Amino acid sequence: MHDIRVVREAPDSLREGMRRRGKWDSLGPLVERAVALEGERRAAIQATEEKKAARNATSQEVAKRKKAGEPTDDLLAKGRAIGEEIAQLEARQVAAQSELDEILVGLPNITLADVPEGDETANTVVRSWGTPRAANSVKPHWEVGAAAGMLDLERGAKISGSGFIVYRGVGARLQRALVSMMLDLHTKEHGYEEAWVPLFVNRESMTGTGQLPKFEEDMYALRDDALFAIPTAEVPVTNLLRDEILDGARLPMAMTAYSACFRREAGSAGKDTRGLLRVHQFDKVELVRWCAPEDSAAQHELLTGHAERVLKLLDLPYRVLLLAAGDTGFSSAKTYDLEVFAPGVGKWLEVSSCSNFTDFQARRANIRYRPASGEKPRFVHTLNGSGLALPRIVAGILEHHQQPDGSVKVPAALASYLGADRIAASAG
RNA sequence: GGACAGGUGGCCGAGUGGUUGAAGGCACCGGUCUCGAAAACCGGCAUACCGGAAACGGUAUCGUGAGUUCGAAUCUCACCCUGUCCGCCA
């Protein structure tokens with residue numbers, strides 16, 4: 001959500017922000033409409049408040065006269081007339097306000113200055129780690145997984161539908177091992193507080209982090225309750241501090257949470273339909289940070305490093321992409337994607353997306369901090385990143401660590417959690 | 001799910017439809033006193049928005065939303081949340 005003051009005082013920054021995302025054609029008219037509405041709104045507010053002041057004065061006069069035992073009929077009539085005028089002015093104000101809100105809540109965040117302009121072709125690799133194996137030099141993960149008895153995609157489809165996965169045997173155990181390994185790393189070495197959160201949240205929470213109102217189609221909703229299945233733990237975790245004023249001395253705050261994530265993947269039919277690359281329910285460990293505005297750029301690098309650390313421990317070659325403005329998510333001001341190379345499918349897989357939301361989510365969710373006692377509250381900056389998403393990590397492991405005999409070597413850091421240093425080629 | 005009770009400032013807590021933004025207390029800040037502290041006493045102490053260079057003025061806010069009224073913390077309705085008891089339940 002953008003500050004209404006930006007609309008009034010710096011509309012050019014809003015215009016430039018939309019243009020840099022390549023969205024001027026669709027969003028430009030909305031920005032201009034917002035600027036006009038803000039003027040109408042202010043005029044209506046001023047007129048309304050004048051009338052209300054008059055009404056209050058009249059009411060007080062009524063009280064005075066009643067005390068003195070004087071007649072008040074003329075004042076009552078006057079008050080009624082003012083009341084009608086107020087009702088009309090308020091209707092104008094509410095109309096302008098609600099249209100304005102609707103526009104503002106639908107405008108994406110303004111990207112930071114160091115984010116390249118343009119669409120995804122302008123994404124840039126900022127660094128990479130490890131040596132990827134040659135594309136198509138190994139079997140794709142779904143073949144290895146099926147042979148090893150780890151994956152049961154057919155039965156997942158039977159009980160829920162396509163895009164729902166059943167892990168079995170060592171596959172199921174691998175999920176648990178990965179989650180434990182990541183949570184231990186982030187809590188013990190990176191200083192995050194662990195949280196375990198609801199998988200269903202209300203509309204306010206979804207709006208707070210920016211999933212609503214624009215992306216309602218992408219989410220699962222319950223039929224009989226006003227709840228949505230979370231697409232990421234970012235939503236419940238970030239909203240934990242909604243409508244709160246944090247102690248500035250306690251910033252930055254950091255929480256990590258494992259959760260299942262649910263995505264309808266509306267509009268992505270036909271893409272990555274095989275294996276684990278795009279599914280409706282998956283597991284993820286999420287990292288969330290809250291900090292002071294001047295600190296968020298550094299916090300973003302820190303958080304990205306925490307996610308990268310998981311990939312290093314899993315010994316998976318990866319690259320870090322700085323997303324161009326047009327490819328940066330709705331709420332984000334700057335995003336790094338971490339991609340792992342999966343030689344079996346011959347593709348770079350996005351396994352983490354680390355974003356700085358500046359005050360965009362904080363404004364929507366009303367998360368503030370008091371810099372020092374006695375000072376006024378300011379909006380925090382929020383950040384989050386996957387640390388990491390499991391299915392594509394599993395794909396990466398099954399492909400990158402695949403041995404010639406079809407077995408899979410388990411990275412040392414994970415072996416103790418899995419209780420094995422190798423996944424056999426067949427379930428035996 | 002049923003029956004009650006209740007939601008007021010950072011906290012506790014009063015509040016007959018008419019100077020109630022809201023008594024009182026606690027906490028907090030400043031001062032007097034003191035060698036210093038405590039106690040006591042005096043004073044201050046909500047937020048947002050609008051106008052204004054400022055002083056200051058205006059508007060709104062007593063769970064949320066609507067309604068009645070010249071005027072609502074106070075009356076009406078709906079919803080949300082909390083507590084207690086009963087029922088059900090992993």
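The model shown is predicted, which means the values in this text are computed figures rather than measured ones. Chain naming here is simple, since letters A, B, ... match the order of the sequence lines and numbering starts at 1 in each.
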Student check: side-chain heavy atoms of [X] and [Y] closer than 4.5 Å:
{"X": "A:Asp337", "Y": "A:Thr335", "answer": "yes"}
{"X": "A:Thr304", "Y": "A:Leu338", "answer": "yes"}
{"X": "A:Phe360", "Y": "A:Ser355", "answer": "no"}
{"X": "A:Phe282", "Y": "A:Arg392", "answer": "no"}

Rounded to the nearest angstrom, tell me the gap between atom [atom1] in [X] and atom [atom2] in [N].
{"X": "A:Ile245", "N": "B:rC11", "atom1": "CD1", "atom2": "P", "result": "11 Å"}
{"X": "A:Gln93", "N": "B:rA60", "atom1": "CD", "atom2": "C1'", "result": "10 Å"}
{"X": "A:Asp73", "N": "B:rU69", "atom1": "CG", "atom2": "P", "result": "16 Å"}
{"X": "A:Lys52", "N": "B:rG57", "atom1": "NZ", "atom2": "C1'", "result": "17 Å"}
{"X": "A:Ile86", "N": "B:rU69", "atom1": "CD1", "atom2": "P", "result": "14 Å"}
{"X": "A:Leu100", "N": "B:rC49", "atom1": "CG", "atom2": "P", "result": "15 Å"}
{"X": "A:Glu90", "N": "B:rC50", "atom1": "CD", "atom2": "P", "result": "17 Å"}
{"X": "A:Glu244", "N": "B:rG10", "atom1": "CD", "atom2": "C1'", "result": "14 Å"}

Quick one: which of [options] gets closest to the side chain of [X]?
{"X": "A:Val62", "options": "B:rG18, B:rC49, B:rC50", "result": "B:rG18"}
{"X": "A:Ala63", "options": "B:rG51, B:rA60, B:rG18", "result": "B:rG18"}
{"X": "A:Gln46", "options": "B:rG18, B:rG51, B:rU59", "result": "B:rG51"}

Please determine if A:Arg173 forms a cation-pi arrangement with A:Tyr417, meaning its NZ or CZ atom is less than 6.0 Å from the six-membered ring centre and no more than 45° off the ring axis.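 Relative to the ring axis of A:Tyr417, which defines the angle, A:Arg173 lies outside at least one limit.
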With nearest nucleotide decided by heavy atoms, which residue, A:Gly79 or A:Ile45, maps closer to the 5′ end of RNA chain B?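 Its nucleotide being nearer the 5' end, the pick is A:Ile45.
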Assign each of A:Gln60 and A:Leu76 to its nearest nucleotide of RNA chain B by heavy atoms, then name whichever residue's nucleotide is nearer the 5' end.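 That would be A:Gln60.
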Same-atom distance ([atom1]) from [N] to [M], integer angstrom:
{"N": "B:rA72", "M": "B:rG18", "atom1": "C1'", "value": "10 Å"}
{"N": "B:rU68", "M": "B:rG57", "atom1": "P", "value": "33 Å"}
{"N": "B:rG31", "M": "B:rA38", "atom1": "P", "value": "12 Å"}
{"N": "B:rC75", "M": "B:rC62", "atom1": "P", "value": "14 Å"}
{"N": "B:rG10", "M": "B:rC77", "atom1": "C1'", "value": "33 Å"}
{"N": "B:rC41", "M": "B:rA46", "atom1": "P", "value": "22 Å"}
{"N": "B:rG36", "M": "B:rU32", "atom1": "C1'", "value": "15 Å"}
{"N": "B:rG24", "M": "B:rG30", "atom1": "C1'", "value": "22 Å"}

If the cut-off is 4.0 Å, is [X] near the phosphate of [N], judged by side-chain N/O to OP1 or OP2?
{"X": "A:Asn56", "N": "B:rA60", "value": "yes"}
{"X": "A:Arg65", "N": "B:rG18", "value": "no"}
{"X": "A:Arg80", "N": "B:rC70", "value": "yes"}
{"X": "A:Arg42", "N": "B:rG51", "value": "yes"}

Any base atoms under 4.0 Å from A:Lys66, or only sugar-phosphate, or nothing? Heavy atoms, all strands.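 Base contact.
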Give A:Arg5 one of three labels, base, sugar-phosphate or nothing, depending on what nucleic acid heavy atoms sit under 4.0 Å from its own.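 Sugar-phosphate, no base atom in range.
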Just the dot-bracket of RNA chain B, please: which string comes out with Watson-Crick or G-U pairs under 3.5 Å, [ ] for crossing, | for another strand? ((((((((.[[[..)..(.....]]].(((((.......))))).((((((....)))))).[[[[[..)....]]]]])))))))....
Are the aromatic ring centres of A:Phe379 and A:Tyr369 under 6.0 angstrom apart?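 No.
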Side chain to side chain contact (heavy atoms under 4.5 Å, CB included), paired with A:Met18, selected from A:Asp25, A:Leu107, A:Leu30: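 Filter result, single survivor: A:Leu107.
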Please determine whether any donor N or O and acceptor N or O are separated by less than 3.5 Å between the side chain of A:Glu49 and the base of B:rG58.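 Such a pair is found, so the answer is yes.
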Return yes if a side-chain donor-acceptor contact under 3.5 Å exists between A:Tyr336 and A:His300, otherwise no.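 The answer is no; no qualifying pair exists.
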Parallel, tilted or perpendicular: ring planes of A:Phe164 versus A:His280, cut at 30 and 60 degrees: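 The arrangement is tilted - the two ring planes meet at 30° to 60°.
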